[in-house]
Amino acid sequence: MNSVAKQHQRVLSGMRPTGRLHLGHYHGVLKNWIQLQHEYECFFFVADWHALTTEYENPGKIADSSWDMVVDWLAAGVNPGSAKMFIQSWVPEHAELLLLLSMSTPLGWLERVPTYKDQQEKLKEKDLATYGFLGYPLLQSADILIYRAGQVPVGEDQVVHVELTREVARRFNHLYGREPDFEERAEAAIKKMGKKAAKLYNSVRKSYQEEGDQEALETGRALLEDQQNITLSDRERLFGYLEGAGKIILPEPQALLTKASKMPGLDGQKMSKSYGNTISLRDDPKDVEAKIRTMPTDTNRVRRTDPGDPARCPVWQLHEVYSSDEVRSWVVEGCKSAGIGCIDCKGPVIDAVLEELKPIQERAREYEQDINLVKNIVKEGSEQARDEARDTLNEVREAMGLSYR
Ligand code: TRP
Ligand code: SF4
């Protein structure tokens, strides 16, 4: 069970700077972020250090790719008023936390992360027998834990990294969760809740600790979740104090699994830059139209009069993303009876994609024309992120006995 209530949870996610984004990113990731930004406090960042773990020989593209990516986030509708957008390397606290976590993280935990061997195999042309590459899942743990994020939207392949993060946090709390003055701080925090809440807290704490009353424990948790005027770290303290445990310094995050994007590419495979089958968010409408018009279709439909089968056609997969039931019946019926031609069939898809891209491209143009605005958004986001990161790091240092002067 996670110790921080849902409404107080933070969402954090990062993306490697890959340059301009395509419809696969939009449907697979960004739409989800845009939804989350209304429900949670969100932190979204450009994982430029992560890019270095594989691109260290060739770091020159990282800067441009980062700006291109942020422009696309903004164009897609990630809103700087709701979500903090920042660049990892502008918040160097991530690196200090990585260092501190590395002290207590067993090597075996990193060697056993499946992506470690997989990626080395996959990217054979690169020498990835490096310390940075081995450690990159721990860098990801630091990214998450430095914000005490409760939820981490990730794709399937990244869930193991969130699992690792949970283990790292658990071990850290176990090793350092006993502040020397824990009880005094907890008692002070109780007072901050106000008389009535403090009284209830004390009584349920007693019932739980002396009689094992589960209901009292639940009441206590609910009470803490409702408190508006205590800090995150006081809340964590009081959760621990309620149960008779130490303080939870680094709460364990949860993976928020984003379902694999159904967005097919132009050839019916998953849309991906490495397959060369993408429609980019900023592709010129003329090119978008041409790309769809030249898409392969059911290979059995050689002539216009040959009937086809949507199940064997990549265009159909786009109808599944974009078209109404009505249009889809028209396609199935018209394809199987050769009543419509493939060019007819592609029409509604072209219209739908262009319509989806239109507002995105309008916003993208505004940001392209004012790249300083983009940089300022990121600068401000990075400063806000940094404030949060500093708070966590101060607590981490203190817990580890490193706050001496
Ligand atoms: N490793 C992730 C990827 O390759 C990106 C990432 C870095 C990330 N740090 C993160 C995602 C923290 C979620 C949370 O896609
Ligand atoms: Fe594909 Fe449509 Fe042509 Fe059928 S009619 S083969 S679904 S493009």
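Order of appearance sets the numbers: ligands from 1, and atoms from 1 within every ligand.
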Should Asp143 be counted as touching ligand 1, given the test is an N or O pair under 3.5 Å?
yes
So, Gln151 and Gln254: side-chain donor and acceptor under 3.5 Å apart, yes or no?
no
Atom 2 (Fe) of ligand 2 and Cys345: any N/O/S contact shorter than 2.8 Å?
yes
Give the numbers and elements of all ligand 2 atoms closer than 4.0 Å to a heavy atom of Val315.
8 (S)
Would Tyr241 and Glu183 count as having a side-chain donor-acceptor pair, cut-off 3.5 Å?
no
Would you tell me whether Asn173 and Arg170 have side-chain atoms, one donor and one acceptor, within less than 3.5 Å of each other?
no
Test item: side-chain donor near acceptor, Ser82 and His38, under 3.5 Å
no
Any heavy atom of Gly308 closer to ligand 2 than 4.0 angstrom?
no
Applying ring-ring contact (aromatic ring centres under 6.0 Å, His included) to Tyr322 and His27, what does each step give before you reach the verdict?
CA-CA 11 Å; Tyr322 288 101; His27 285 268; 5.6 Å; yes
Backbone or side-chain N or O of Gln158 under 3.5 Å from ligand 1 N or O
yes
Run down the list Met15, Gln88, Arg16 and name the one with the heavy atom closest to atom 4 (O) of ligand 1.
Arg16
With distance as the sole test, does Arg363 use its side chain to make a donor-acceptor pair with the main-chain N or O of Ala75 at under 3.5 Å?
yes
Does some non-hydrogen atom of Arg301 fall short of 4.0 Å from ligand 2?
yes
Considering non-hydrogen atoms of the protein only, which is the closest contact for atom 3 (Fe) of ligand 2, and what is the distance?
Cys342 SG, 2.3 Å
Would Asp72 and Arg20 pass as an ion pair if we require N to O under 4.0 Å?
no
Between Arg171 and Ser104, is any side-chain donor less than 3.5 angstrom from a side-chain acceptor?
no
Among protein heavy atoms, which lies nearest atom 8 (C) of ligand 1, and at what distance?
Gln140 NE2, 3.5 Å
Please identify which atoms of ligand 1 are closer than 4.0 Å to at least one heavy atom of Leu12.
12 (C), 14 (C)
To the nearest 0.5 Å, what is the distance between CZ (Phe86) and CD1 (Ile377)?
15.0 Å
Need the ligand 1 atom indices (1-based, order shown) with element for anything under 4.0 Å from a heavy-atom of Ser13.
13 (C)
Residue pair Gln140 / Gln158, side-chain donor-acceptor N/O under 3.5 Å:
yes
Regarding Asp48 and Ser89, is there a side-chain donor-to-acceptor distance under 3.5 Å anywhere?
yes
Atom 7 (C) of ligand 1 - nearest protein heavy atom and its distance
His50 NE2, 3.3 Å
Atom indices of ligand 1 within 4.0 angstrom of Val154 heavy atoms, with elements
13 (C)
Below 2.8 Å, can you find an N, O or S atom of Cys313 next to atom 1 (Fe) of ligand 2?
yes
So the atoms of ligand 1 within less than 4.0 Å of a heavy atom of Val152 turn out to be 13 (C), 14 (C)
Which residue from Val332, Val349, Thr297 reaches closest to atom 8 (S) of ligand 2 through any of its heavy atoms?
Thr297
For ligand 2, the portion of Asp298 having any non-hydrogen atom under 4.0 Å away
both
Is a side-chain donor-acceptor pair under 3.5 Å present for His50 with Asp143?
yes
Please write down residue, atom name and distance for the protein heavy atom closest to atom 5 (C) of ligand 1.
Gly14 O, 3.6 Å
Residue Cys335 vicinity, atoms of ligand 2 by number, heavy atom under 4.0 Å:
4 (Fe), 5 (S), 6 (S), 7 (S)
